Amino acid sequence: ARSVWWDKQDNSEKGTLLLKSLFDGKKLFDFPKSVEMLIKIVEMSSNEDNDILLDFFSGSASFAHSVMEQSVNDKVKRKYIAIQLPAELNIKIDSQKNAFNFLSENGYPTTLDYIGFERIIRAAKKIKETNKEKLLAENINLDFGFKHFNLKNTNQNTLDKCETFDKASLLGDATIL
């Protein structure tokens, strides 16, 4: 049986070309998903203002890009959460060298999450420029901003307190628990 996802617009080659165009012709990421394929998922899963979509393995932030793009297309004010562990890129690995160099040259930490960080900035700018007339004419007011959070290592003392946590000790009357 043929997959509904098997179409020229769904392959990663199209995703690679789009990502290269956002980053001035530099190939920073292998096999990014195509925005067109991800837009299909956004269309199927979200159609109301303030829907929140989650991408737990964000990579180059293709899904965040598709959420912003589709929000302009159908005028739905969506939100997204893009999670990517700050995996350290290795300049000695050919597939990571360009991304490592790009991040270094632009003063970013050399971790994978910052490729997505920069892509969201560039995609938002391009979407706003490309759709400027539509956004104005149809009075579409979308928020293209985002917040970036970093995970911090916890110290052992905090972990020990979690292991020995006793909720009864927080209350004067433990019998109500």
Side-chain angles (χ1 to χ4, degrees), residues 3-23 28-89 96 99 102-103 106 108-154 158-159 162 165 167:
S3 169
V4 297
W5 303 111
W6 195 252
D7 195 347
K8 279 195 184 261
Q9 68 182 10
D10 299 334
N11 68 32
S12 66
E13 182 180 341
K14 192 152 187 186
T16 299
L17 293 172
L18 176 59
L19 191 60
K20 281 176 72 174
S21 75
L22 286 173
F23 286 91
L28 302 183
F29 201 83
D30 287 338
F31 310 110
K33 291 166 192 65
S34 84
V35 168
E36 289 84 358
M37 179 191 70
L38 295 171
I39 282 175
K40 290 178 184 178
I41 295 171
V42 173
E43 285 178 306
M44 287 188 283
S45 60
S46 167
N47 61 4
E48 294 183 20
D49 284 346
N50 297 315
D51 279 353
I52 300 173
L53 296 108
L54 173 66
D55 181 1
F56 204 72
F57 299 97
S58 181
S60 67
S62 298
F63 192 67
H65 187 161
S66 68
V67 170
M68 292 186 291
E69 192 80 53
Q70 184 57 24
S71 292
V72 171
N73 294 342
D74 63 11
K75 303 178 229 164
V76 175
K77 296 178 181 180
R78 296 175 178 87
K79 298 176 183 181
Y80 60 87
I81 299 172
I83 299 170
Q84 178 57 56
L85 293 176
E88 189 68 40
L89 298 173
Q96 297 179 18
F102 171 82
L103 293 171
N106 287 282
Y108 287 127
T110 54
T111 54
L112 180 56
D113 55 321
Y114 278 93
I115 294 297
F117 179 97
E118 184 64 23
R119 183 198 187 140
I120 292 169
I121 292 169
R122 290 171 182 240
K125 181 179 178 185
K126 182 176 181 180
I127 291 166
K128 287 188 278 187
E129 288 171 357
T130 304
N131 295 283
K132 187 175 186 175
E133 290 178 18
K134 178 180 180 172
L135 292 168
L136 289 172
E138 298 180 28
N139 198 25
I140 303 171
N141 187 17
L142 299 173
D143 181 2
F144 290 96
F146 68 98
K147 295 177 184 173
H148 181 258
F149 296 95
N150 289 313
L151 294 174
K152 298 289 183 190
N153 290 330
T154 57
T158 302
L159 296 174
C162 289
F165 178 73
K167 62 183 175 184

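Everything numeric here is computed off the predicted structure, so don't read it as measured data. Basis for what follows: all heavy atoms, side chains included, without hydrogens, waters or symmetry-related copies.
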For Ser66 against Val42, the heavy-atom pair lying closest together: OG-CG2, 3.9 Å
Distance (rounded to the nearest 0.5 Å) between Asn50 CG and Lys79 NZ: 4.5 Å
Non-hydrogen side-chain atoms of Leu17 and Ser21 separated by less than 4.5 Å: no
Side chains of Leu85 and Leu112 in contact at under 4.5 Å (non-hydrogen atoms): no
Other residues, nucleotides, ligands: >12 heavy atoms within 6.0 Å of Glu13 CD: no
Heavy-atom pair with the smallest gap, counting every atom of Asn150 and Asp113: OD1-OD2, 4.0 Å
Asp55 side, atom CG; Leu38 side, atom CG - distance, nearest 0.5 Å: 8.0 Å
Set of residues satisfying side chain to side chain contact (heavy atoms under 4.5 Å, CB included) with respect to Val76, sequence neighbours excluded: Asp49, Asp74, Arg78
Smallest separation among heavy atoms of Asp51 and Ser46, with atom names: OD2-OG, 3.0 Å
Heavy-atom closest contact (Pro32 atom, Ser62 atom, distance): CB-OG, 3.9 Å
Gap between atom CG of Leu54 and atom CZ of Phe63 - 0.5 Å precision: 8.5 Å
Residue list, ring-ring contact (aromatic ring centres under 6.0 Å, His included) with Tyr114, at least two apart or on another chain: Tyr108, Phe117, His148
Interatomic distance, Ile120 atom CD1 to Ile115 atom CD1 [nearest 0.5 angstrom]: 12.0 Å
Min side-chain heavy-atom separation Phe144-Met68 under 4.5 Å: yes
Heavy-atom side-chain proximity of Lys126 to Leu18 below 4.5 angstrom: yes
Where at least one partner belongs to residues 136-147, residue pairs that pass side-chain hydrogen bond (donor to acceptor under 3.5 Å, both in side chains), sequence neighbours excluded: Lys75-Glu138
Minimum side-chain heavy-atom gap Glu69-Asn131 below 4.5 Å: yes
Test item: Lys134 side-chain N/O and Val72 main-chain N/O as donor-acceptor pair under 3.5 Å: yes
Side chains of Arg119 and Leu19 in contact at under 4.5 Å (non-hydrogen atoms): yes
Phe31 atom CZ, over 12 foreign heavy atoms within 6.0 Å: no
Closest non-hydrogen atom pair between Gly59 and Phe29, with its separation: CA-CZ, 3.9 Å
Minimum heavy-atom distance Gln84-Phe57, with the two atoms named: OE1-C, 3.8 Å
Side chain to side chain contact (heavy atoms under 4.5 Å, CB included) between Lys128 and Leu142, intermediate numbers included: CA-CA 10 Å; Lys128 287 188 278 187; Leu142 299 173; over 6 Å; no
Point-to-point distance, once rounded to the nearest 0.5 Å, from OG of Ser60 to CD of Glu118: 12.5 Å
Inter-residue atom distance Leu53.CG - Gln70.CD, 0.5 Å rounding: 10.5 Å
